[in-house]
Amino acid sequence: MDKTFNPGAIEQTCYTDWEQNGYFKPSGQGEPYCILLPPPNVTGSLHMGHAFQHTIMDTLTRYHRMKGDNTLWQCGTDHAGIATQMVVERQLDAQGKSRHDLGREAFLEKVWEWKAESGGTISQQMRRLGTSTDWDREVFTMDENLSKAVTKVFVELHKEGLIYRGKRLVNWDPVLHTAVSDLEVVNEEEAGHMWHMRYPLADGSGELVVATTRPETMLGDTAVAVHPDDQRYASMVGKEIKLPLTGRLIPIIADDYVDQEFGTGCVKITPAHDFNDYDMGKRHDLPMINILTDDAKLNDDVPEAYRGMDRFDARKQIVADLEAQGVLVKIEPHSLKVPRGDRSGTVIEPYLTDQWYVAVESLAKPAIEAVESGEIRFVPENWNKTYYQWMHNIQDWCISRQLWWGHRIPAWYDDAGNIYVGEDEAAVRRENGLDDAVALKQDEDVLDTWFSSALWPFATMGWPEKTPELETFVPSSVLVTGFDIIFFWVARMIMMTKKFTGKIPFKDIYITGLIRDEQGDKMSKSKGNVLDPIDLIDGISLDALLEKRTGGMMQPQKAEKIAKRTRKQFPEGIASYGTDALRFTFAAMASTSRDINFDMGRVEGYRNFCNKIWNASRFVLMNTETEDTGANASASERELSVADRWIWARFYQTVTDFEQAIAQYRFDIAAQALYEFTWNQFCDWYLELTKPVLNSEHSSDAQKRGTRHTLVNVLEQLMRLLHPVMPFITESIWQRVAPLTAVGAGETASVMTQAFPQMPAEGVDQDALADIEWFKKVIVGIRNIRGEMDISPNKPLSVMLRNATAEDEQRFDTLSLYVTRMAKLEDVKVLAQDETAPPSASAIVGEMEVLIPMAGLIDKDAELARISKAMEKIEKDVARTQGKLSNENFVSKAPEAVIEKEKQKLAEASQQLAKLQEQYKSIEAI
RNA sequence: GCGUCUAUAGCUCAGUUGGUUAGAGCGCUACCUUGACAUGGUAGAGGUCCCCUGUUCGAGUCAGGGUAGACGCACCA
């Protein structure tokens, strides 16, 4: 074994073996346990968020598999309609072509080609992370089976009237030329203006002043509204306005939507280009004049001068023209929320088009109940409030997209404009009695990507066929995902799965935090603070990292700043930390907070932890591989020391702690338990405790055999315990250590197929625990004096024990070998009751004092200072405790156990204080 | 406007139903190349638990109010 842990050397081969041996498949035995992978975008590559969530899912999966559950981690990728289409369109654009030059069929061929080339990136990267998904069941949302499910769901919902087609105002992305759902629009505050303009009454009797942030929409105005109670305008309601620039006559109407206080109290109404105006238009039966084209240019329904103008150019022109006509009253700066497409970034237009919708209200009800009843549980729990808030105000879902890449809507039109919905054209003809003479044309549009994602829990299990998987793995056990897609995905899965299977899709929803950079900023290409998980695993040079972060930037002017920051943070590039260290970092950082600031220091620390495990294993193997480990010896041939019994007790306590933490999705606590045991117990104490036994001529064969047996077996079990979080290093070590135990190697070739460690029925050895805790106190006490008194660790010491109880003596007796070796003592003397001791520094363990004679070793003043410091601490404590106990209220009201504890504490502290005072006096007297 | 979250050591974070002296990692200081490991060991320093008021025998923890910050939803033309 190498002296330092080298992750690169072990990771790749492990994974291939696991995958080839089919270890990722469900066993078919035991309780079902299932996790659905949120299908990553097929165009994507693995980012920190994926790596984090995948670590959590893999840890759960590996753990449950080892617990003997019938475990399935269902994986797959999403076709990601808009995102994928954009990628391919951008490539075409580079060649000076558009998708329209190719035509639908040829374009789709290109997309499939591209998917075949680059679609595997993320799956390969997932393998690097060690994810144990069942790759044989990998699904793509555009696979034939999934597409069949999508069509069936569409047809059935349509049959029930829950999918309908309608002409309505939608969010229109003029760059992508498609409708998008409310969720795909982000509203950000931006600086703008408010234009006030004069609208003259048609009869010349006066005028109204209206204010708008979008003056170009005035060309589509079909009314001006005032509040019905507004006295200022009461007489004008019912009259008409002559709309400037167009000369159209539009009515003045009254509607209590209008806020009298805001602006002039008059609102121009443009029903075809504003959601509120649209509703008002419906209420008042106003005409709806669409003034835009698909590109958000002005169309032919506006005065000739403006036709074909871009919306923003038109705005300028209209403002100029209004001003020229003296109609413009004033312009004020005004900040407003601007809706932008989350993909294109362009300003979204409310636009009147024909689209397909899902009527969600009836679907939402059972989905809300599933969470209210506790059948589905959010972790952390407060996310259910977010869920309720959205679900109670849910709007119909616009599911059609004017794209080419996606599931084509299964609707056909005849020449008369009749709509037929069915599985395919043949079915439509059959069901509607349409012969070939009737020309049918399929709807050009595709479905929102999230429509197919919503079916993920059951479509991946073979629905609509009645498969065993559907029976076994619906509902799945837990969904691990981010809060950003609760509405996009989680809510819709609940609705659709309830609707089509009658079951919930998952029992728990574990909402993870969002990984941010070390300063708490979101990682983004434009900020240049993105970390690639693969770079943390393999390492990357500074040059390569700079190229990654600044190459191909949308805003090249930022490159310099990013380069500077990158150079400063990673002057040497990034070291290779390995997958296990990265995974452990994610687990350790997975607390309940909603944002996680990624700290490189943690990765480094956990890389060191891997190294610690590696070297502890080296130690174990060096001491056992060529020796008798008693694998098949009878118990009588193996004598277990107190330390041996103790480490088993601590090990099983750790197993319990780990399992409790995992059950509550507290991966940080679980990781902490693993770290603490491995480093602070197993390495710091146990391995040190084996050295006196293994290296002593006085140890019997049975003793040595017992200790070696414990070393290899605890290590073997520890590898199992660590495996769910750190799959690679544990496999690598387990392969070496298992043959030294009764587990052996051979058939059982992998740690991942071993049973998870289980606490023995008889519990843990409490005596061993108490003995070693006593022992630690003695050692630490002596080390403390050495440290503070500057006594070289190499200097052998003589110590005396004063005031030792029978138990102390008994313990010292059994542990004397350990004490003398680990504290480096040359001589220990137990003082009799009346025996006097020379001036000494002392450590207090319970009632016993461990004395180190000062002669020639310890400076009088230094020791006095040390004692005063200790006394000060204890005095404070005594005072506080006395205060409490002399408080009548405390004594009468606090629970008995608490009072008892305080009393005990006081007694112990007082006793210690007395001893320290005595010490102080005796040293002072020298 | 409605809703959610966060504030604890220099940094990143734990702290279960209120109950010993508030913990960990990193960083820092001193010492130690002891034969698993310097990606290490031993010892140590470091905290006004954001502020105020309250409940309580007792508050980092509960309630109310404030300050600072993050986020979601809906929005006034």
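Here the structure is a predicted model, which is why all the values come from computation and not from measurement. Letters A, B, ... mirror the listed sequences (proteins, then strands); counts begin at 1.
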When you compare the protein's N or O atoms with those of nucleotides 14-17 of chain B, which come within less than 3.5 Å of each other, and at what distance?
{"residue": "B:A14", "atom": "OP1", "partner": "A:Ser591", "partner atom": "OG", "Å": "2.4"}
{"residue": "B:A14", "atom": "O3'", "partner": "A:Arg666", "partner atom": "NH2", "Å": "3.1"}
{"residue": "B:G15", "atom": "OP1", "partner": "A:Arg666", "partner atom": "NH1", "Å": "2.8"}
{"residue": "B:G15", "atom": "OP1", "partner": "A:Arg666", "partner atom": "NH2", "Å": "3.2"}

Side-chain donor-acceptor pair present, A:Thr270, A:Asp221, cut-off under 3.5 Å: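 Note: A:Thr270 and A:Asp221 side chains meet the donor-acceptor criterion.
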
Could you state the atom-to-atom distance from [atom1] of [X] to [atom2] of [N] in whole Å?
{"X": "A:Ile485", "N": "B:G72", "atom1": "CD1", "atom2": "P", "answer": "15 Å"}
{"X": "A:Leu906", "N": "B:U21", "atom1": "CG", "atom2": "C1'", "answer": "14 Å"}
{"X": "A:Arg880", "N": "B:U21", "atom1": "CZ", "atom2": "C1'", "answer": "6 Å"}
{"X": "A:Asp259", "N": "B:A74", "atom1": "CG", "atom2": "C1'", "answer": "16 Å"}
{"X": "A:Asn597", "N": "B:G25", "atom1": "CG", "atom2": "C1'", "answer": "15 Å"}
{"X": "A:Asn695", "N": "B:U34", "atom1": "CG", "atom2": "P", "answer": "16 Å"}
{"X": "A:Asp256", "N": "B:A77", "atom1": "CG", "atom2": "P", "answer": "18 Å"}
{"X": "A:Phe890", "N": "B:U56", "atom1": "CZ", "atom2": "P", "answer": "17 Å"}

Checking side chain to side chain donor-acceptor pair (under 3.5 Å) between A:Lys268 and each of A:Asp274, A:Thr217, A:Asp277, A:Thr222, which is the one that passes?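 For A:Lys268, the side chain to side chain donor-acceptor pair (under 3.5 Å) test succeeds with only one of A:Asp274, A:Thr217, A:Asp277, A:Thr222, which is A:Thr217.
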
Assess whether atom CD of A:Gln519 is packed by more than 12 heavy atoms of other residues, nucleotides or ligands within 6.0 Å.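 Correct, the count exceeds 12.
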
Can you give me the dot-bracket string for RNA chain B, 5' to 3', counting Watson-Crick and G-U wobble pairs with both distances under 3.5 Å, using [ ] for crossing pairs and | for partners on another strand? (((((((..((((.....[...)))).(((((.......))))).....(((((..]....))))))))))))....

Listing request: all salt bridge (Lys or Arg N to Asp or Glu O under 4.0 Å) pairs with a residue in residues 584-603 of chain A, at least two apart in sequence or in separate chains.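 Matches after skipping sequence neighbours: A:Arg516-A:Asp595.
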
Counting only side-chain heavy atoms from C-beta out, which of B:A77, B:A24, B:C57 sits nearest to A:Gln672?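 Among B:A77, B:A24, B:C57, the one nearest the side chain of A:Gln672 is B:A24.
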
Could you work out the separation of B:C26 and B:C73 based on their C1' atoms and round it to a whole Å?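 My reading of the C1' atoms in B:C26 and B:C73 gives 39 Å.
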
Same-atom distance (C1') from B:G23 to B:G15, integer angstrom: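 These two C1' atoms come out 7 Å apart once rounded.
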
[X] bridged to [Y] by N-O distance under 4.0 Å:
{"X": "A:Asp580", "Y": "A:Arg607", "value": "no"}
{"X": "A:Glu875", "Y": "A:Lys873", "value": "no"}
{"X": "A:Glu902", "Y": "A:Lys905", "value": "yes"}

Quick one: side chain to side chain donor-acceptor pair (under 3.5 Å) pairs with a partner in residues 661-686 of chain A, sequence neighbours left out?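 Of all non-adjacent pairs touching residues 661-686 of chain A, those that pass side chain to side chain donor-acceptor pair (under 3.5 Å) are A:Asp508-A:Tyr665, A:Asp644-A:Tyr686, A:Arg666-A:Asp668, A:Glu676-A:Gln681, A:Asn680-A:Asp684, A:Gln681-A:Lys776.
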
Expected rows: protein N/O vs nucleotides 1-4 of chain B N/O, under 3.5 Å:
{"residue": "B:U4", "atom": "O2'", "partner": "A:Arg594", "partner atom": "NH2", "Å": "3.0"}

Would you tell me if any nitrogen or oxygen in the side chain of A:Lys893 comes within less than 4.0 Å of OP1 or OP2 on B:C57?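 It does, given that an N or O in the side chain of A:Lys893 lies less than 4.0 Å from OP1 or OP2 of B:C57.
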
OP1 or OP2 of B:A77 less than 4.0 angstrom from a side-chain nitrogen or oxygen of A:His334, does that happen here?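 Affirmative; the distance criterion is met.
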
Footprint string (nucleotides 36-48 of chain B, 5' to 3'): B base within contact, S backbone only, - free, heavy atoms under 4.0 Å: BBSBSSSSSS---

Within the 4.0 Å heavy-atom criterion, would you say A:Val891 contacts the bases, only the backbone, or no part of the nucleic acid?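 Nothing: the residue A:Val891, judged by heavy atoms under 4.0 Å, touches no strand.
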
